[in-house]
A.B. asks: 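Pasting a structure here, questions to come.
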Amino acid sequence: MEEQHDAMTTEQAAEAFAAETAYWREVRGLSKRALACAMGFDPSYVSHVESGRHKPTEDFARRADEALGAGKAIWKRWCDYEAAKARGGRAAAPPAPRAVGEQPYATGSALVVEHDAARLDYDGRLYRLTMRRLLRNTGSEPVTRYLIRISVDRYPGEPERSNAHYRTHPLTWDELALSATCRGEAMRWEAKHDRDAFKEVWLLFENNQGRFPLYPGESVWIEYAYSVGDEKWGRWFQRAVRLPTEHLEVQLAFPAALDPVVWGTETSMTAEASPLRTAPVRRDENGTRLFSWTTSTPPLHARYRLEWRFRAARPEPQTSDRELT
C-alpha cells in the first residue's frame with residue numbers, strides 16, 4: 001500500500017496494518033498458526049488481526065516485525081494507525097519520529113493506478129516478467145519514485161527448507177536483469193531491501209540525462225521487467241492490490257507443447273482464498289498458449305493468485321510462490 005498515510009482514517013490504517021502483516025507472513029512462508037507461535041501469541045491471534053477482528057497493538061507490531069524480519073514495515077503501519085487515532089482524538093500522542101521511518105512518497109502525493117497490466121512469459125526454463133502501469137498523481141506534490149517488490153519462495157509452507165534453498169541459491173541482481181522505462185526514458189533504480197528471496201526496489205523518475213517527475217494531475221505509463229529461472233520461480237503468480245486500482249490485467253504465456261492448464265484464487269481482507277469470479281480466457285497463438293484474466297476496481301489489499309501445471313511435462317512437486325507489486 002502506497003497511499004498518502006497522513007490522510008488515512010483509523011479503519012484504513014488498521015486495514016493497511018493487517019495487509020502488511022499478511023504480506024510479510026506470506027513472504028516468509030509461514031502459516032498464521034506458525035507466526036503466532038513464533039511470536040508467543042495464541043494460535044488464533046494472527047488470524048484475528050489479519051481479519052480485522054483485533055486492532056493493531058504496539059506489542060504485536062514489535063513482535064511481528066522482529067519475527068518476520070520486516071525491516072520496520074509492520075511497525076510503521078502501527079505508527080500510521082496510532083497517528084490516525086490521534087487525529088480522531090481517540091489516542092495519545094503519536095509514536096516517536098525515530099520509529100516512523102520514511103514515507104513511501106512525498107507528503108501530499110497520492111498515486112492511483114489507472115491500468116495495471118502484468119505479463120509472464122515462460123520458455124521452458126526462464127520466466128520473464130513484464131509489468132506495465134498507468135499511474136496518475138492525484139495529490140498536490142510531484143512523485144519522484146515508485147516502489148516495487150519481488151518475492152520468491154520455492155517451498156511455500158516449508159520456511160526452513162525454503163530459507164536453506166535460498167541461502168545456497170540466492171536471488172541475484174545479475175539474474176534478474178531488472179530494467180525500467182518511463183516516457184521512453186530509462187529509469188534509474190535503487191535497492192531498498194536486498195535479501196536472498198526478497199527484493200524491494202525504488203524505481204526513480206530520473207536517469208543520468210535528467211529528471212522527469214510525475215506532477216499533480218498527470219498520468220504516465222511506466223514499464224519494468226526482469227527474469228527468474230524456474231528453479232527459483234515456480235508455478236504460481238500472485239498480484240497484490242496495494243494502491244487504488246481501476247483495472248487489473250494478467251497474462252500468462254507458455255509453450256503450447258507443455259499443455260498448460262491455469263486456475264486462480266482471490267483473497268481479501270474479509271475472506272479466505274476462493275476461486276476467481278471469472279475464469280482465465282485461453283487462446284493458442286503460434287505455438288504459445290496464452291491465458292488472460294482481468295478485473296475492474298479490485299478492492300485494496302486483495303490478492304489474486306494464478307496457478308498452473310504442465311500436463312505434458314513429467315510430474316514435479318509444487319515449487320514456488322511469489323508476489324509482485
Side-chain angles (χ1 to χ4, degrees), residues 26 111-136 146 148-152 156 176 178-182 219-230 232-268 271 273-313 316 318-325:
E26 291 175 4
L111 282 176
V112 170
V113 180
E114 296 184 38
H115 193 105
D116 183 330
R119 177 170 171 130
L120 175 148
D121 288 271
Y122 180 58
D123 64 5
R125 181 187 64 85
L126 193 71
Y127 289 98
R128 182 66 175 171
L129 285 298
T130 304
M131 324 293 285
R132 299 180 67 246
R133 290 195 175 105
L134 179 59
L135 305 177
R136 182 171 75 247
Y146 183 78
I148 67 171
R149 290 166 168 170
I150 304 168
S151 168
V152 295
L176 285 172
L178 174 65
S179 63
T181 60
C182 172
S219 296
V220 70
W221 281 100
I222 67 168
E223 178 175 318
Y224 59 96
Y226 53 90
S227 301
V228 183
D230 59 8
K232 298 179 184 179
W233 186 259
R235 294 186 179 176
W236 39 9
F237 179 26
Q238 182 164 288
R239 305 290 291 141
V241 181
R242 299 183 177 276
L243 284 169
T245 300
E246 296 175 0
H247 189 75
L248 176 65
E249 172 187 356
V250 182
Q251 193 170 66
L252 310 177
F254 304 113
L258 293 176
D259 194 16
V261 291
V262 171
W263 64 97
T265 57
E266 172 183 350
T267 306
S268 71
S274 59
L276 293 174
R277 300 180 187 184
T278 58
V281 176
R282 166 191 155 180
R283 76 177 191 274
D284 286 357
E285 184 179 287
N286 300 323
T288 297
R289 184 161 298 170
L290 297 169
F291 296 87
S292 301
W293 181 80
T294 65
T295 188
S296 296
T297 60
L300 282 172
H301 314 308
R303 287 176 170 81
Y304 301 96
R305 175 178 294 186
L306 295 176
E307 304 180 48
W308 57 89
R309 66 184 178 91
F310 302 125
R311 291 181 292 197
E316 294 183 28
Q318 192 173 3
T319 57
S320 175
D321 181 23
R322 87 259 96 222
E323 180 176 309
L324 304 97
T325 68

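Computed from a predicted model, the values in this text were never measured in an experiment.
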A.B. asks: Considering all heavy atoms of both residues, which atom of Leu134 and which atom of Ser219 are nearest to each other, and what is their separation?
C.D. replies: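 Closest approach of Leu134 to Ser219: CD1-CB, 4.2 Å.
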A.B. asks: What I'd like to find out is whether the side chain of Arg239 reaches to under 4.5 Å of the side chain of Asp116, using heavy atoms alone.
C.D. replies: yes
A.B. asks: Just verifying a value: how many Å separate Asp121 CG and Thr288 OG1, rounded to the nearest 0.5 Å?
C.D. replies: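 One gets 8.0 Å once the value is rounded to the nearest 0.5 Å.
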A.B. asks: Would you say Arg277 has more than 12 foreign heavy atoms packed within less than 6.0 Å of its CZ?
C.D. replies: no
A.B. asks: If you define the side chain from C-beta out and look only at heavy atoms, does anything of Asp259 sit under 4.5 Å from Arg289?
C.D. replies: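 They are in contact (side-chain heavy atoms under 4.5 Å apart), so the answer is yes.
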A.B. asks: Please give me the minimum heavy-atom distance between Leu300 and Arg242, naming the atom from each residue.
C.D. replies: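 Looking at all heavy atoms of both residues, the closest pair is CD2-C, 4.1 Å.
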A.B. asks: Begin from the C-alpha positions of Leu290 and Arg119 and carry the test side-chain contact (heavy atoms from CB on, under 4.5 Å) through to its verdict.
C.D. replies: CA-CA 10 Å; Leu290 297 169; Arg119 177 170 171 130; 3.7 Å; yes
A.B. asks: Could you measure the distance from the CD atom of Glu114 to the CG atom of Leu243? Nearest 0.5 Å is fine.
C.D. replies: 12.5 Å
A.B. asks: For a 4.5 angstrom cut-off between non-hydrogen side-chain atoms, does Thr130 reach Gln251?
C.D. replies: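 When only atoms from C-beta onward are counted, Gln251 and Thr130 do not touch, as no gap falls below 4.5 Å.
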A.B. asks: Could you report the tightest heavy-atom contact between Tyr304 and Pro299, atom names first, then the distance?
C.D. replies: OH-CD, 3.6 Å
A.B. asks: Tell me, do Ile150 and Tyr224 make a side-chain contact under 4.5 Å, heavy atoms counted?
C.D. replies: no
A.B. asks: How about Val261 and Arg311: do any of their side-chain heavy atoms sit closer than 4.5 Å?
C.D. replies: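 Yes, close enough: below the 4.5 Å cut-off.
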A.B. asks: To the closest 0.5 Å, what do you measure between CG (Leu129) and CD1 (Ile148)?
C.D. replies: 10.0 Å
A.B. asks: Using atom types as modelled and distance alone, determine if a side-chain donor or acceptor of Trp293 lies under 3.5 Å from a backbone N or O of Thr278.
C.D. replies: yes
A.B. asks: Which atom pair, heavy atoms only, marks the closest approach of Ala257 to Ala312?
C.D. replies: O-CB, 3.2 Å
A.B. asks: Specify the closest pair of heavy atoms between Trp263 and Arg309, including all atoms of both residues, with the distance to one decimal.
C.D. replies: CZ3-N, 3.9 Å
A.B. asks: Less than 4.5 Å apart, any side-chain heavy atom of Val113 and any of Leu135?
C.D. replies: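 Yes, their side chains come closer than 4.5 Å.
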A.B. asks: When rounded to the nearest 0.5 angstrom, what distance separates SG in Cys182 from CZ in Arg133?
C.D. replies: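 These two atoms lie 13.5 Å from each other.
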A.B. asks: Taking the six-membered ring for Trp, are Phe237 and Tyr122 closer than 6.0 Å centroid to centroid?
C.D. replies: no
A.B. asks: Grab the two heavy atoms, one from Leu248 and one from Pro298, that are nearest each other, plus how far apart they are.
C.D. replies: CB-CG, 4.4 Å
A.B. asks: After noting the C-alpha distance and the side-chain angles of Thr267 and Arg305, does the key distance pass the side-chain contact (heavy atoms from CB on, under 4.5 Å) rule?
C.D. replies: CA-CA 8 Å; Thr267 306; Arg305 175 178 294 186; over 6 Å; no
A.B. asks: Let me confirm one number: the CE-CD distance from Met131 to Glu223, rounded to the nearest 0.5 Å.
C.D. replies: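 Those atoms lie 10.5 Å apart.
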A.B. asks: Atom OG in Ser227, atom CZ in Arg128: separation rounded to 0.5 Å?
C.D. replies: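 Those atoms lie 3.5 Å apart.
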A.B. asks: Taking the side chain as everything from C-beta on, heavy atoms only, tell me whether Ser292 gets closer than 4.5 Å to Arg283.
C.D. replies: yes
A.B. asks: Which is it for Leu258 and Trp308 under the side-chain contact (heavy atoms from CB on, under 4.5 Å) test, yes or no, and what are the steps along the way?
C.D. replies: CA-CA 11 Å; Leu258 293 176; Trp308 57 89; over 6 Å; no
A.B. asks: Going by heavy atoms in the side chains, are His115 and Trp221 under 4.5 Å from each other?
C.D. replies: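 In contact.
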A.B. asks: Any chance you could lay out the side-chain contact (heavy atoms from CB on, under 4.5 Å) test for Val228 and Leu176, step after step, and finish with the verdict?
C.D. replies: CA-CA 6 Å; Val228 183; Leu176 285 172; 3.7 Å; yes
